[in-house]
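Below: the structure, in structure tokens.
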Amino acid sequence: MDNNSKNNEDIQPLTPEEIKAIGEIAIGPSKHEQFLNAHYKKLMWGGISLGIAAGCVIAFFSHRNDLRKDAAAQVVQAMKITAPGNGIATPDEYDTAALKTLQQQYAGTPSAITAELMNGLSLISKGDEAGIAALETVASSSASAPMRGRALAAIATYQLQQNKDSVPTWTRLTQMEANPYTALAYLMLGDLAKDKGDKETARNWYEQCKTKCPTSALVTDKTVEMRLTLLDVDAPTPVEPAPQPEQPETNPLENPFGEAPEVGETKFNAEI
């Protein structure tokens, strides 16, 4: 019997490392490893490019945020807010030079649209109709609904002050997204219809205000409800006062001799 032969029980099992080595010799590297070996350089440069792109995106948003902060500071300056609690200047007091600079240097920022709105308000407060064009620019922009609503409300108010037809502008305001000026538009349309004697149209506008703007102060403080109540109350008809009978003239001094003598004058009867 060959002493070198061994029973199966005497053969030591292979270690995991030995099995892996035999497998690699038999079938070669795995598909994953083959892919990495074939595309190593591409993956490396792709990773570098991705890192650069991510850095650029971060830098862009950081720069944009800084730009917006600077623009917002310019808005505060143009509104002449010197300290908290000191109030804000009225539109006719806005710093128009600062507004113009803001629009030029920070075009494309939300503050540039705010500056356009402020410029329009400033102009119409001085009676300059060029402000209408500035406000229309804001109303037609992609600004937030409250800002576009503010622009339309300012235009409509100016038209009322100039005795012009403001109904189309108020109507535009009711047709856009809900904003703080929507309820005011419904109320004004109702008032204008009432002034023309069209009670049913006025009632419709007031009812829409209640339905579509239930949280508005104009609804919660019963302003609209009062308008609806007054629609059913007829205004008093002016009545001419009844003519009074003529009173006979009387002598204020009750002088039986006729006219009263002038004060300080003495009359003597020469015949006595």
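Numbers here simply count residues along the sequence, with the first being 1. Model, not experiment: these values are computed from the prediction.
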- Task: Measure the spacing between OG1 of Thr157 and CG of Leu152 and express it to the nearest 0.5 Å.
- Result: 10.5 Å

- Heavy-atom nearest pair, Ala193 first then Thr201, reads CB-CG2, 3.9 Å

- Query: Nearest 0.5 Å, what's the OG1-CG distance between Thr223 and Leu228?
  - Reply: 11.5 Å

- Pairs where residues 96-124 contributes a residue and the test salt bridge (charged side-chain N to carboxylate O under 4.0 Å, His left out) is met, not counting sequence neighbours: none

- Taking all non-hydrogen atoms of both residues, which atom of Leu192 and which atom of Ser166 are closest, and how far apart? CD1-OG, 3.6 Å

Going by atom type alone, with no hydrogens or angles, which donor-acceptor pairs under 3.5 Å involve a side-chain atom of residues 212-220 and a protein atom two or more places apart or on another chain?
from, atom 1, to, atom 2, distance (Å)
Lys212, NZ, Gln208, OE1, 3.1
Ser216, OG, Leu218, N, 3.2
Thr220, OG1, Ser216, O, 3.2
Thr220, OG1, Ala217, O, 3.4

- Message: Strictly by salt bridge (charged side-chain N to carboxylate O under 4.0 Å, His left out), give each pair with a member in residues 186-195 just once, sequence neighbours left out.
- Response: Asp191-Arg227

- For residues Asp165 and Val167, report the shortest heavy-atom separation together with the two atoms involved. OD1-N, 3.1 Å

- Give, for atom CE of Met147 and atom CZ of Arg150, the distance between the pair rounded to the nearest 0.5 Å. 10.5 Å

- Query: What closest approach, in Å, do Trp170 and Ala156 show between heavy atoms, and which atom pair accounts for it?
  - Reply: CE2-CB, 3.3 Å

- Message: Return the CG to SG distance between Leu187 and Cys209, rounded to the nearest 0.5 Å.
- Response: 6.0 Å

- side-chain hydrogen bond (donor to acceptor under 3.5 Å, both in side chains) partners for Lys164, two or more places apart: Glu129

- Query: Are Leu123 and Met118 connected in the hydrophobic side-chain network, where two residues link if heavy atoms are under 4.5 Å apart?
  - Reply: no

- Task: Please name the pair of heavy atoms, one in Val224 and one in Lys210, separated by the smallest distance, quoted to 0.1 Å.
- Result: CG1-CG, 3.7 Å

- Task: Given side chain to side chain contact (heavy atoms under 4.5 Å, CB included), test Asn204 with Tyr186 step by step and report yes or no.
- Result: CA-CA 9 Å; Asn204 180 52; Tyr186 284 119; over 6 Å; no

- Message: Are there over 12 heavy-atom neighbours, none belonging to Lys126, within less than 6.0 Å of that residue's NZ?
- Response: yes

- Message: Minimum heavy-atom separation for Gln159 and Thr169, please, with both atom names.
- Response: OE1-OG1, 2.9 Å

Identify every side-chain donor-acceptor pair in residues 131-139 under 3.5 Å, counting partners at least two apart or on other chains, and give the distances.
from, atom 1, to, atom 2, distance (Å)
Glu136, OE1, Arg172, NH2, 3.4
Glu136, OE2, Arg172, NH1, 3.1
Thr137, OG1, Ala133, O, 3.0

Distance-only donor-acceptor hits, side chain of residues 173-180, under 3.5 Å, sequence neighbours excluded:
from, atom 1, to, atom 2, distance (Å)
Thr174, OG1, Thr171, O, 2.6
Glu177, OE1, Arg148, NH1, 3.4
Glu177, OE1, Arg148, NH2, 3.3
Glu177, OE2, Arg148, NH2, 2.8
Asn179, OD1, Tyr181, N, 2.8
Asn179, ND2, Glu177, O, 2.9
Asn179, ND2, Thr182, OG1, 3.4

